2 protein chains.
Amino acid sequence: MNTNFDLENFILDFSNSCQKKQKKVFSKNEVVTTYIKNRNQLCILLDGHADLVRYDLNGNRTIVEHFSKNALFGEVFYTITTNNELLVEAKSNCTVLFYIYDDIFHKCKNNCKFHQTLSENLPQLILNKVTDLNMRIELLTKRSTRDKLLGYFSLLSTRKLSTSFELPFSLTDLADYLSVDRSAMMRELKLLKEDGFIEKVGNRIILLYK
Amino acid sequence: MNTNFDLENFILDFSNSCQKKQKKVFSKNEVVTTYIKNRNQLCILLDGHADLVRYDLNGNRTIVEHFSKNALFGEVFYTITTNNELLVEAKSNCTVLFYIYDDIFHKCKNNCKFHQTLSENLPQLILNKVTDLNMRIELLTKRSTRDKLLGYFSLLSTRKLSTSFELPFSLTDLADYLSVDRSAMMRELKLLKEDGFIEKVGNRIILLYK
DNA sequence: CATAATGTGTTGCTTTTGCAACGGAAAATA
DNA sequence: TATTTTCCGTTGCAAAAGCAACACATTATG
């Protein structure tokens with residue numbers, strides 16, 4: 001994509017200029033927002049890490065998305081079809097900007113610079129999110145736990161431009177992200193080590209194949 | 001969402017007004033586009049049905065997305081990370097508009113009405129796509145074939161506002177869409193019938209529970 | 001209309017995954 | 001630092017899903 005709007009600097013420059021937003025700070029494990037109760041919300045994660053989490057009727061926990069710096073999230077990205085509440089949980093201390101989506105979309109009355117630039121660049125920002133979601137779908141459609149793990153590792157490896165990288169999750173959370181049973185995943189990790197596909201040192205994975 | 005931009009009428013009104021697009025017609029089973037070879041492409045399906053399909057190394061076929069009238073697709077929504085080509089296959093006769101995304105984004109020089117309206121409404125269009133993808137992720141994170149089937153049926157039921165609806169897929173394709181083995185899915189369908197969750201008459205499903 | 005191609009429905013067997021449980025390591029907290 | 005909580009790593013067993021094969025139905029196609 002060519003128009004590489006620099007969200008980070010943009011936010012630094014303008015995040016204090018608009019009246020129609022809220023900026024809040026959260027500490028680890030606090031609930032940042034919920035999607036059923038907070039409609040039409042668009043949030044930007046300025047700092048920290050957070051997960052979008054769902055619990056199903058059987059008590060399974062799913063990490064629907066994992067957010068890091070500059071991630072966009074909020075109910076505007078969802079059409080809630082089930083009764084299961086979606087929670088955004090802070091995984092570390094977080095700073096979050098909250099908007100009402102319509103305010104961005106219809107521009108705020110003040111016509112502030114922040115809103116103007118944001119709405120101009122919104123297609124690109126949302127498009128980035130679409131590509132993230134498509135990567136996630138690619139992972140989830142893989143048929144076996146092994147392929148999910150290898151697919152995820154290869155993705156991290158591509159992002160870090162290195163065959164060696166830290167997992168951004170605990171292994172427990174990784175299982176919830178790949179939507180598999182934790183113990184089965186651990187078993188598969190062991191097999192991947194035994195079969196010479198990976199090495200694992202603490203939280204660091206080293207890809208050996210190819 | 002409040003801004004319900006009427007894509008259909010918009011396209012009817014303006015689809016002939018812009019020079020920077022191509023309109024093509026495809027017949028069933030033809031390849032509409034491929035994502036590795038055609039970068040920076042944004043397409044709108046004016047008519048018909050088409051699937052975005054990927055084949056993995058094991059020969060498994062996955063229906064990544066199912067497109068119907070007014071769907072947006074194209075490489076702009078993807079960051080190709082694997083070597084697996086993604087194909088859009090026409091499932092019926094299709095009419096498709098092709099754009100170069102940058103042309104939309106940077107507005108075309110002619111400043112035509114079509115481009116202007118489209119780029120104004122692009123955030124909303126892409127946002128609709130995001131909600132579709134999130135629904136797909138919700139389906140794929142379900143842990144069992146049974147839950148995937150019930151989840152998908154409940155989704156169709158919500159869309160049609162009826163507990164009785166036609167499947168938009170053949171059963172073979174449905175398995176590829178839910179990312180499960182076809183015969184295992186057939187077995188589960190039988191069990192769902194036996195357990196009184198559904199009835200199935202030809203291609204029509206009737207939800208019985210609740 | 002005959003024939004080919006594709007889709008449906010089923011089943012036995014194998015493999016993978018999930019579940020439950022546990023001990024010990026590591027990290028958080030009082 | 002003592003203690004609680006969370007996470008890691010492992011295993012036996014049960015359940016679910018995948019694979020392969022087949023017969024039959026339905027739909028395209030020459």
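Naming convention: chains lettered A, B, ... in sequence-line order (proteins, then strands); numbering from 1 in each chain. Values in this document were obtained by computation on a predicted structure and should not be read as measured data.
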### Task
Quickly work out the A:D173 CG to D:dC8 C1' distance and round it to whole Å.
13 Å
### salt bridge (charged side-chain N to carboxylate O under 4.0 Å, His left out) contacts touching residues 164-183 of chain B (sequence neighbours left out)
B:R61-B:D173, B:R61-B:D176, B:K91-B:D173, B:E166-B:R204
### Query
Roughly how many Å is it from CG in A:L174 to C1' in D:dG9, rounded to a whole number?
15 Å
### Query
Rounded to whole angstrom units, what separation is found between the CG atom of B:L150 and the P atom of D:dA16?
14 Å
### Query
Nucleotide by nucleotide, 5' to 3', does protein get under 4.0 Å of the base (B), only the sugar-phosphate (S), or neither (-) in nucleotides 14-30 of chain C, counting heavy atoms?
---BBBBB---------
### Query
Touch check for A:K200, heavy atoms < 4.0 angstrom, all strands: base, sugar-phosphate only, or nothing?
sugar-phosphate
### Message
Tell me the interatomic distance from B:M186, atom CE, to C:dT6, atom C1', rounded to whole angstroms.
### Response
14 Å
### Query
Under the 3.5 angstrom rule, does the side chain of A:T158 hit a backbone N or O of A:S154 as a donor-acceptor pair?
yes
### Query
Can a donor-acceptor pair be found between the side chains of A:T141 and B:R54 at a distance below 3.5 Å?
yes
### Task
Kindly state each residue pair satisfying ring-ring contact (aromatic ring centres under 6.0 Å, His included) with at least one member in residues 155-184 of chain A, sequence neighbours excluded.
A:H66-A:F169, A:Y152-A:Y177, A:F169-A:Y177
### Message
Output the rounded distance in Å from CG (B:N203) to C1' (D:dT26).
### Response
12 Å
### Task
Send over the distance from B:L178 CG to D:dA16 C1', rounded to a whole Å.
16 Å
### Message
Once rounded to the nearest 0.5 Å, what's the spacing between atom OG1 of B:T95 and atom CG of B:L46?
### Response
6.0 Å
### Task
Check whether any side-chain nitrogen or oxygen of A:K190 sits under 4.0 Å from OP1 or OP2 of D:dC8, and answer yes or no.
no
### Task
Mind calculating the distance between NZ (B:K142) and P (D:dA17) to the nearest angstrom?
14 Å
### Task
Please round to the nearest 0.5 Å and tell me the distance separating atom CG of B:L149 and atom CD1 of B:I198.
7.5 Å
### Summary
Rounded to whole Å, the CZ-P distance (A:F169 to D:dC8) equals 12 Å
